[in-house]
Amino acid sequence: MSRSALIVIDMLNTYSHPDAEILIPSVRQALPRIVALVERARDDGVPVIYVNDNFGEWRSHHGEIIETTLSGPHSDLVEPVLPDDESLFVVKARHSIFYETPLSYLLSQLDVDRVVLCGQVTEQCVLYSALDAHIRHLKVTVPEDAVAHIHRDLAQASLRMMERNMNASIRKAANVEF
């Protein structure tokens, strides 16, 4: 029997990076479906794991990351997807959710063999995370309408690569099964 986890990638964000202005419209578009996935996962008892950049603040923990993002000018993009008391949290420093993080160990402890990846950025962190999940023999689902992109053409190519090269299931968020 398969057990899934919903992974929310980099949604706790200050949007103070150089590509933020072109990313934000895509985040606004994906946000309602990300929120719906998080709510559905919580209702179904599916582990929700936030994996987020630490913005180079090596002494920070998830509470400080949340405070920083909520005090920024785009807190309206953060508030709807805040972790609840049951959510798990992993801090990352690079693009992949697995690179030098304890996520593989955490997933094995939860007996998870399938990850649903949502968040940002499709052509960067989501793509690299899907590849790293695939090489760890995890099944990967990416809801194409619950991931945000900087460059639409690269995002479309990334989704196609995930489907073709990583055997990822690419579907609408409403059709994701946990």
Side-chain angles (χ1 to χ4, degrees), residues 5-42 46 48-57 60 62 64-84 87 89-99 115-133 140-166 168-176 178:
L6 177 65
I7 313 290
V8 181
I9 303 172
D10 289 337
M11 287 303 294
L12 306 177
N13 199 306
T14 60
Y15 299 97
S16 59
H17 51 84
D19 293 323
E21 290 309 311
I22 54 178
L23 171 62
I24 288 172
S26 182
V27 172
R28 287 194 193 288
Q29 190 172 31
L31 188 59
R33 282 166 301 285
I34 295 169
V35 170
L37 278 170
V38 169
E39 290 172 353
R40 196 157 47 97
R42 288 175 179 160
V46 172
V48 178
I49 306 170
Y50 288 75
V51 183
N52 216 90
D53 281 331
N54 68 353
F55 313 114
E57 298 294 325
S60 65
H62 76 279
E64 289 173 289
I65 292 170
I66 291 169
E67 285 177 28
T68 300
T69 60
L70 287 175
S71 66
H74 299 287
S75 61
D76 62 310
L77 299 177
V78 176
E79 287 176 24
V81 291
L82 286 174
D84 67 4
S87 300
F89 200 92
V90 173
V91 176
K92 70 180 183 69
R94 300 294 294 174
H95 292 78
S96 173
I97 59 178
F98 292 97
Y99 182 74
V115 291
V116 178
L117 306 178
C118 67
Q120 58 186 310
V121 169
T122 309
E123 65 272 28
Q124 295 173 13
C125 299
V126 176
L127 173 63
Y128 303 137
S129 298
L131 174 60
D132 278 356
V140 177
T141 297
V142 179
E144 63 186 339
D145 55 348
V147 287
H149 60 269
I150 295 171
H151 303 286
R152 181 179 301 278
D153 60 332
L154 295 178
Q156 291 302 315
S158 296
L159 289 167
R160 187 159 181 254
M161 286 172 53
M162 287 182 250
E163 184 174 46
R164 178 159 178 111
N165 299 342
M166 298 162 215
S169 174
I170 308 299
R171 54 187 53 206
K172 299 291 185 190
N175 298 327
V176 168
F178 290 113

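Along the sequence shown, residues are numbered consecutively beginning with 1.
In this structure, His74 NE2 and Thr14 OG1 are separated by 9.0 Å, a value rounded to the nearest 0.5 Å. Expressed to the nearest 0.5 Å, how far CG of Leu117 lies from OH of Tyr128 amounts to 14.5 Å. For the atom pair CE (Met161) and CD1 (Ile170), the distance works out to 11.5 Å, reported to the nearest 0.5 Å. Considering CD of Glu163 and OG of Ser169, their distance stands at 7.5 Å, rounded to 0.5 Å. Atom NE2 of His95 is separated from atom CG of Asp10 by 9.0 Å, given to the nearest 0.5 angstrom. Asp145 contributes atom CG, which lies 4.5 Å from atom CZ of Arg33 (distance to the nearest 0.5 angstrom).
The two residues Ser26 and Ala148 make their nearest non-hydrogen contact at OG-CA, 3.3 Å. Closest of all the heavy-atom pairs between Pro73 and Asp76 is O-OD1, 4.2 Å. Across every non-hydrogen atom of Tyr50 and Arg42, the tightest pair is OH-NH2, 3.2 Å. The two residues Pro143 and Val176 make their nearest non-hydrogen contact at CB-CG2, 3.9 Å. Residue Val46 comes nearest to Ala5 through the heavy atom pair CG1-CA, 3.9 Å, listed as atom of the first residue, atom of the second, then distance. Taking all atoms of both residues into account, the shortest heavy-atom contact from Ala146 to Cys118 is O-CB, 3.3 Å.
For the side chain to side chain contact (heavy atoms under 4.5 Å, CB included) with Pro83, the qualifying choice from Val38, Leu12, Val48, Ile49 is Leu12, the only one to do so. Of the listed residues (Leu154, Val126, Ile150), just one forms a side chain to side chain contact (heavy atoms under 4.5 Å, CB included) with Val121, and that residue is Ile150. With Gln120 as reference, Asn13 is the one residue of Ile9, Ile34, Asn13, Leu77 to meet the side chain to side chain contact (heavy atoms under 4.5 Å, CB included) rule.
Using a 4.5 Å heavy-atom threshold, the side chains of Ile22 and His151 count as touching. Contact of the Thr122 side chain with the Met162 side chain is registered, since non-hydrogen atoms from C-beta on lie closer than 4.5 Å. Using a 4.5 Å cut-off on side-chain heavy atoms (C-beta onward), Ser158 and Gln124 make no contact. Met11 places a side-chain heavy atom less than 4.5 Å from the side chain of Leu31. By the 4.5 Å heavy-atom criterion applied to side chains, Asp53 and Lys92 are counted as neighbours. Taking 4.5 Å as the limit, every side-chain heavy atom of Val51 sits out of range of all side-chain heavy atoms of Phe98. Put simply, the side chain of Leu70 reaches to within 4.5 Å of the side chain of Leu82, judged on heavy atoms.
Ser75 places no side-chain N or O within donor-acceptor distance of the main-chain N or O of Ser71, the cut-off being under 3.5 Å.
Counting only N and O atoms by type, the side chains of Asp132 and Ser129 include no donor and acceptor under 3.5 Å apart.
Using a 4.0 Å cut-off between a side-chain N of Lys or Arg and a carboxylate O of Asp or Glu, Arg171 and Glu144 do not qualify as a salt bridge.
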